[in-house]
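Source: prediction; values computed, not measured.
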Amino acid sequence: MNFSPTKRFHPMWLLLAAIIPLYLTWTFDHSLWNPDETRDAGIAAEMYRGGSVAVPKLNGEAFLEKPPLYYWACAVVYKVTGRVTAGTTRLPSVIFGVLGILFTFLIARRLFNPRAGFLAACLLGTSAQYFRMSHVALMDVSLAALVTGAIYFHLRGSKLGFAICTVLAFFAKGFLGVILPGLAVTIDLLLQKKFRQLFKTIAIGAAVFVVLALPWFWALWQEGGRRYLEIFLIDNHWKRFSSSTGDHTGHPWFFYFLSFPGDFLPSTIVFIGFVVSFVRSPRPVLRDPAMKFSLVWFASLFAFFCLSSSKRSIYLLPVFPAAAVLGAAWLDGVLSRCPEERQARGEFAICSLFAGLALLMIGASFFLPARLDREKTFVPYIEEVRARRAGHTLIGFDLSEMELGVIGFYLEGTFKNVKTLGELKEAVGDPSEKVLVMVNRTRKDDVEPLLEKKSRLVFEYRPEKKTRSYLLYAAGKGA
């Protein structure tokens, strides 16, 4: 196979022809699943159906863990397709996943050659965690894609392109989107002693950030004042990185050394080849500017995540493109040292392997999503609620963010969610008002002494299960 660009053939077109059909699988064939996807889908749908464009909201309450880029992307897809479904909510993640693969291809091609670019894209596109998260309605893949885009524009020497991608990465997941590309590029320029270029990059980046991001901060201030800014800046940024008491904490500093090999499979095998080669002989890597930059890119981001107090395996996704580039460069080097005939056979074998992996993933999409959906779906319970809702006031008892999101998504609206038994007692206390109460089965022992006197159980969803199991009570007139 000829990896050299020609007028008739370019590796990017082959890449697109393979990646797009692969990535459209696992997208439209199942309902919303926990964790997180249900919450963010609810926020996106609520924004599209008339909520604030600037302030993400969950069941009517401001939700400021992340900026709104993914919700905006969902709103655009909803508008274009005319449908608010689980599939259209996942579609932006698919698009960002493909965009990240294309940026990875362009980076490896620029640093090395078209064959390395093609290999890097294949390594990233078939890695388990990247593929999985490109089919989940979360913003982690959008962050990874935009950080990778910022790295690409840095390599092209486009400070404006770097700044725009960095600010968009901020809108994907907050200041993490600024820190990650900024860290890699700062270290790279300092090592090259390009201090003037670093200053210009920072100055242009700051100017673009002010122009693009300041209006959003102003909108937050207009709607929620100082409190909204404190929630976003302090609670959901500074404390998440520095505090050991927030979400997803308690993991040791070496957590990602344990999670990354499994998450990057099957591409881990190639990455290990690079690591072994580097440990045996680091000088050739450190003398090659392209390899040195790729290593700085990977190591700086990986170290940052290791130092963060909040750890979760999917947080490491922005590192995957750098790992793919390093693995591809090593594999390309192995092929380059072979005679021409063996190179051709090696290229054919590698392409066949990636094609086989893609076909396996596509084949699994014909039966696995439907089977998993039977275990993960919330839809039957929500349909029962919808069928009984007419004439009733709908109340949830201490439902989680995930449950609020998925119920609001499918019921197309907000509802009252009481937090305490006292509030619940008051909500069902008026015998003249018809009320439906949604309760997670884990809270049955808490609410039963109260509800058995004031209501009746009308539906049990998955009574044999401990998770995703719910109760529906009717109270008030005619209960």
Please determine which of Cys74, Pro68, Pro56 meets the side-chain contact (heavy atoms from CB on, under 4.5 Å) test together with Ile43.
Pro56
Residue among Leu326, Leu183, Val325 satisfying side-chain contact (heavy atoms from CB on, under 4.5 Å) with Trp297
Val325
Check for a donor-acceptor pair, side chain of Arg90 on one end and backbone N or O of Phe28 on the other, with a separation under 3.5 Å.
no
When His154 is tested against each of Asp188, Thr166, Thr201 for side chain to side chain donor-acceptor pair (under 3.5 Å), which residue passes?
Asp188
Quick one: do Glu37 and Lys376 satisfy salt bridge (charged side-chain N to carboxylate O under 4.0 Å, His left out)? Show the steps, please.
CA-CA 12 Å; Glu37 182 177 65; Lys376 292 175 173 287; over 6 Å; no
For residues Tyr71 and Pro67, report the shortest heavy-atom separation together with the two atoms involved.
CE1-O, 4.0 Å
For the residue pair Tyr256 and Phe302, categorise the inter-ring angle as parallel (less than 30°), tilted (30 to 60°) or perpendicular (more than 60°).
perpendicular
Do Arg312 and Asp140 meet the salt-bridge criterion of a basic N to acidic O distance under 4.0 Å?
no
Is any side-chain N of the basic residue among Glu423 and Lys416 closer than 4.0 Å to the acidic one's carboxylate O?
no
Yes or no on side-chain contact (heavy atoms from CB on, under 4.5 Å) for Leu32 and Phe378, after CA distance, side-chain angles and deciding distance?
CA-CA 8 Å; Leu32 296 172; Phe378 291 83; 5.9 Å; no
In terms of the angle between their ring planes, are Trp72 and Phe171 parallel, tilted or perpendicular, with boundaries placed at 30° and 60°?
tilted
Hey, can you tell me if Phe260 and Phe264 have their rings parallel, tilted or perpendicular (30° and 60° cut-offs)?
parallel
Can you label the angle between the Phe298 ring and the Phe271 ring as parallel, tilted or perpendicular, going by 30° and 60°?
tilted
With under 30° as parallel and over 60° as perpendicular, where do the rings of Tyr461 and Phe459 fit, or are they tilted in between?
parallel
Does the Tyr470 side chain pair with the main chain of Pro463, one donor and one acceptor, at a distance under 3.5 Å?
no
If you measure from the Lys or Arg side-chain nitrogens to the Asp or Glu carboxylate oxygens, is any gap between Glu65 and Arg39 under 4.0 Å?
yes
Applying side-chain hydrogen bond (donor to acceptor under 3.5 Å, both in side chains), run through Tyr381 and Ser469 and close with a yes or a no.
CA-CA 9 Å; Tyr381 179 75; Ser469 178; over 6 Å; no
Aromatic ring pairing Phe153/Phe103, orientation class (parallel under 30°, perpendicular over 60°, tilted between):
perpendicular
Evaluate the criterion side-chain contact (heavy atoms from CB on, under 4.5 Å) for residue pair Thr393 and Glu433; output intermediate values, then yes/no.
CA-CA 8 Å; Thr393 299; Glu433 186 177 5; 2.8 Å; yes
What residue among Glu403, Glu448, Glu460 forms salt bridge (Lys or Arg N to Asp or Glu O under 4.0 Å) with Arg441?
Glu460
Check for a donor-acceptor pair, side chain of Lys311 on one end and backbone N or O of Cys306 on the other, with a separation under 3.5 Å.
yes
Measure the acute angle between the ring planes of Phe209 and Phe217, then classify it against the limits of 30° and 60° as parallel, tilted or perpendicular.
tilted
Nearest heavy atoms of Pro318 and Leu301, plus distance in Å:
O-CD2, 3.7 Å
